[in-house]
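Each ligand, and each atom within it, is numbered from 1 in the order the structure gives.
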Amino acid sequence: MEINAERVFARLNELYECGAQEDGTHSRIAYSKEDVAGREIFMNYFRSIGVQPRVDEAGNIIARLEGTDPSLPAIMVGSHLDTVPDGGKFDGVVGCMAGLEVCEALVAAGHKTKHPIEVIVFTDEEGFRFGSGLLGSSAICGFDAGASESDIDMYGMQRADVIKSYGMNLKDLPKAAKAKDSVHCFIELHVEQGAYLDRNKLPIGVVSSIAGVNRYEVVVNGEANHAGSTRMADRKDALVTASRFIAKVPQLVAEHGEDFTVATVGTMKVVPNSVNVVPGQCIFHLEIRDQSQEIMLKIEEAAKACLMQECESAGESFTFRKISEHKPEPMNKWVKDTIEESVKELGYPYAVIPSGAFHDSLIMAQVFPTGMIFVPSINGISHSRYELTEKEDIKKGCEVLLKTILKADSMNHSCC
Ligand code: GLV
Ligand code: MN
Ligand code: MN
């Protein structure tokens, strides 16, 4: 069975072009017209090999190749097609295209697996619009993704209206849940989005675990006042206090974290946001990620204490609210071992590495036996137009995926 890397690359290019924006950037933000067009292109690829995909109640696309034994659970593979703004060509898309390529290779070879194979494109992995993603995978797992019809997105639109582009209705979301015993395993091929594989010249990473992610909304309350007549000593400048705290975040990670611990303040809103007003309020998001929940909680505590100290000495107040929480997830042992055996048999150099980025696999791993295959991101760049993965590495990744599927097909693990 042959993986056609040229075909995979041509499809990655076609999807990228379909996100072209007037300002020269490329984005397929979830639910946007570019995303809807990209999904249609993807479904058409499947139709061209005689498979009619369906769209479930959560907007997930599921393309199913029937197996020879209808009583067996599905081997699921896939990822996401939505991007961050001005995102790259590979994040998510590569896993969807790899699933398609593997199916096309199987169909071309006339090879029928015993288990059905389901290629899934998850809805809104990135969560750019509403601040929290992983919607499709959460629905598949039967979890409440915390989505409400009245949520307002980045552009001021209501979720109830936004999701109409997918023909979705939030009240039907629970119907997308899959029974635990209907999935043999889930395998996601993805770009590493870090620099380890590229730096070490390794084409494949076998993922050991995915970092947990906690997000917090922090509000610092000072006092808005005239920027010309309020003397420096009399100010309660919320932005200055927030900045003092933010500047200490790297130090908190250095003190309480380990090699892979990260913390980021990635948003900032200043109220009233006027050049001639001392900032009265500052609202920002803090995110903490690590492979250990204990460390994440230690940093949370240290961050709260540091913020309290800064606010007290400035005579200001604050709120610190956890808005989402995902604990770290190890990958399933038999799926991980099966991926590793496949890489070894193919003779490709590899490393077993953790994932700092989150993926739909973080959710899927809580219910279904889940594993991930990484291919290198050149210079570790991702969530950027400069994201690049070499064609040769994508080919190797697809070969590992195909071999892993065939091995999993011959195994009889119950999903419990
Ligand atoms: C998803 O891409 C994330 O790790 O933020
Ligand atoms: Mn991704
Ligand atoms: Mn991403």
Heteroatom of E126 nearest to the Mn ion (ligand 3) (N, O or S, atom name):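 Looking at E126, the N, O or S atom with the least distance to the Mn ion (ligand 3) is OE2.
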Among T68, D69, I75, T404, the one residue meeting side chain to side chain contact (heavy atoms under 4.5 Å, CB included) with D409: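 Of the listed residues T68, D69, I75, T404, the side chain to side chain contact (heavy atoms under 4.5 Å, CB included) partner of D409 is I75.
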Minimum side-chain heavy-atom gap L406-M1 below 4.5 Å: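 Yes, close enough: below the 4.5 Å cut-off.
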Side chain to side chain, Q193 and D91, heavy atoms closer than 4.5 Å: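 Sidechains of D91 and Q193: in contact.
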Metal site angle (apex the Mn ion (ligand 3)), NE2 from H383 and OD2 from D91, 10 degrees: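 H383 NE2 and D91 OD2 form an angle of 90° at the Mn ion (ligand 3).
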Atom indices of ligand 1 within 4.0 angstrom of E126 heavy atoms, with elements: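 Once the distances to E126 are compared, the set is 1 (C), 2 (O).
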Residue A357 vicinity, atoms of ligand 1 by number, heavy atom under 4.0 Å: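 Contacts of ligand 1 toward A357, numbered from 1: 4 (O).
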Heteroatom N/O/S of H359 within less than 2.8 Å of the Mn ion (ligand 2):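 Coordinating: no.
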Protein heavy-atom partner closest to atom 5 (O) of ligand 1 - residue, atom, separation in Å: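 For atom 5 (O) of ligand 1, the nearest protein heavy atom is R289 NH2, 2.9 Å.
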Metal check, the Mn ion (ligand 3) vs E125 N/O/S, cut-off below 2.8 Å: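 No N, O or S atom of E125 is closer than 2.8 Å to the Mn ion (ligand 3), so no.
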Vertex the Mn ion (ligand 2), rays to NE2 in H190 and NE2 in H80 - rounded to 10°: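 With the Mn ion (ligand 2) as the vertex, the angle is close to 120°.
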Sub-4.0 Å heavy-atom approach of H359 to ligand 1: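 Not so, H359 does not reach ligand 1.
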